[in-house]
Amino acid sequence: MKYFTVEEANQLLPVITRELEALQQLQLSFVKFYDQLEKLRLSDNPPDDDFFVLESKLDFMEMEAQSYIHNIHSFGAELKDIHAGLVDFPAMIENEAVLLCWRQGEPAITHYHGIEEEFINRKSLEN
């Protein structure tokens, strides 16, 4: 496992942000197409072509989403929540394994939490 310094993790934020934003947009589109597919399923006589096109789009979107998630993980970061934009970076602080935590919209990483803790338990790096 790669351990990040705060500086290394902060340097990745622009790339992580782009991947996360693309994933979030994809998620919104997926919901829209999924709703259309469900409406077709509930209709009395859905056109086969429309059904196939929507299923194919959803399959492709799922593969695309997995690609974005894989890209984030390939940097060594951990995507915790797509919607909230939560990403963790493994690090060592005072010889203890921790997770540097970042929430989309924050300009830099300023907090961390224990490996078994969650975002709500985060502590300031300044302490």
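For this chain, numbers begin at 1 and follow the sequence in order.
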> Is there side-chain contact between V98 and F89, with heavy atoms separated by less than 4.5 Å?
Replying inline: no

> Can you check side-chain contact (heavy atoms from CB on, under 4.5 Å) on L23 and L79, steps first, answer last?
Replying inline: CA-CA 11 Å; L23 186 56; L79 178 61; 3.7 Å; yes

> Any ion pair linking R41 and E55 (charged N to carboxylate O, less than 4.0 Å)?
Replying inline: yes

> How would you list, by chain and number, every residue that makes a salt bridge (charged side-chain N to carboxylate O under 4.0 Å, His left out) with K2, sequence neighbours excluded?
Replying inline: E8

> If we only count heavy atoms from C-beta on, is the L37 to L58 side-chain gap below 4.5 Å?
Replying inline: yes

>> Under the criterion side-chain contact (heavy atoms from CB on, under 4.5 Å), I'd like the reasoning laid out for L99 against E78: C-alpha separation, chi angles, the key distance, then a yes or no.
In response: CA-CA 9 Å; L99 296 170; E78 300 174 12; 3.9 Å; yes

> Does a side-chain heavy-atom distance below 4.5 Å link R103 with R122?
Replying inline: yes

> Once you round to the nearest 0.5 Å, how far does CG of L26 lie from CE of M63?
Replying inline: 11.0 Å

> Can you tell me how far CZ of F51 sits from OG of S56, rounded to the nearest 0.5 angstrom?
Replying inline: 10.5 Å

> Who pairs with E117 by salt bridge (charged side-chain N to carboxylate O under 4.0 Å, His left out), at least two apart in sequence or on another chain?
Replying inline: K123

>> I'd like to know whether NE2 of H73 has more than 12 heavy-atom contacts from other residues, nucleotides or ligands below 6.0 angstrom.
In response: yes

> Same cluster or not: are L12 and M92 linked, directly or through other Ile, Leu, Val, Met, Phe, Trp or Tyr residues, by side-chain heavy atoms under 4.5 angstrom apart?
Replying inline: no

> If two hydrophobic side chains count as joined below 4.5 Å and joins carry through other members, does Y34 share a cluster with M61?
Replying inline: yes

> Is L100 linked to L86 within one hydrophobic cluster, defined over Ile, Leu, Val, Met, Phe, Trp and Tyr using a side-chain heavy-atom separation of less than 4.5 Å?
Replying inline: no

> Side-chain contact, heavy-atom cut-off 4.5 Å: L125 with I93?
Replying inline: yes

>> Test of understanding: with salt bridge (charged side-chain N to carboxylate O under 4.0 Å, His left out), list the residues that count as partners of E118, not counting sequence neighbours.
In response: none

> Looking at residues at least two apart in the chain, or sitting in another chain, which of them share a salt bridge (charged side-chain N to carboxylate O under 4.0 Å, His left out) with E62?
Replying inline: none

> Which distance, rounded to the nearest 0.5 Å, do you find between the CD of E64 and the CG of D59?
Replying inline: 13.0 Å

> Looking at CD of Q11 and CZ of F4, how far apart are the two atoms once the value is rounded to the nearest 0.5 Å?
Replying inline: 10.5 Å

> What is the minimum heavy-atom distance between P90 and M1, and which atoms define it?
Replying inline: CB-SD, 3.5 Å

>> Looking at every heavy atom in both I16 and A77, which two are closest together, and how far apart are they?
In response: CD1-CB, 4.2 Å

>> Can you give me the closest heavy-atom contact between C101 and I109, atom names plus distance?
In response: O-CG2, 3.8 Å

>> With clusters defined by side-chain heavy atoms of hydrophobic residues (ILVMFWY) lying less than 4.5 Å apart, directly or transitively, does F30 cluster with V53?
In response: no

> What's the spacing between S74 OG and E19 CD if we round to 0.5 Å?
Replying inline: 8.0 Å

> How would you list, by chain and number, every residue that makes a ring-ring contact (aromatic ring centres under 6.0 Å, His included) with F75, sequence neighbours excluded?
Replying inline: none

> In Å and rounded to the nearest 0.5 Å, what is the CZ to CG distance from R18 to L20?
Replying inline: 12.0 Å

> What pairs meet the ring-ring contact (aromatic ring centres under 6.0 Å, His included) rule with one or both residues in residues 97-120, with sequence neighbours excluded?
Replying inline: none

> So Q104 and H83, side-chain contact (heavy atoms from CB on, under 4.5 Å) or not? Walk me through it.
Replying inline: CA-CA 10 Å; Q104 187 176 23; H83 181 72; over 6 Å; no

>> Apply side-chain contact (heavy atoms from CB on, under 4.5 Å) to residues I82 and Q27 and explain how you reach the verdict.
In response: CA-CA 9 Å; I82 297 168; Q27 187 179 39; 3.5 Å; yes

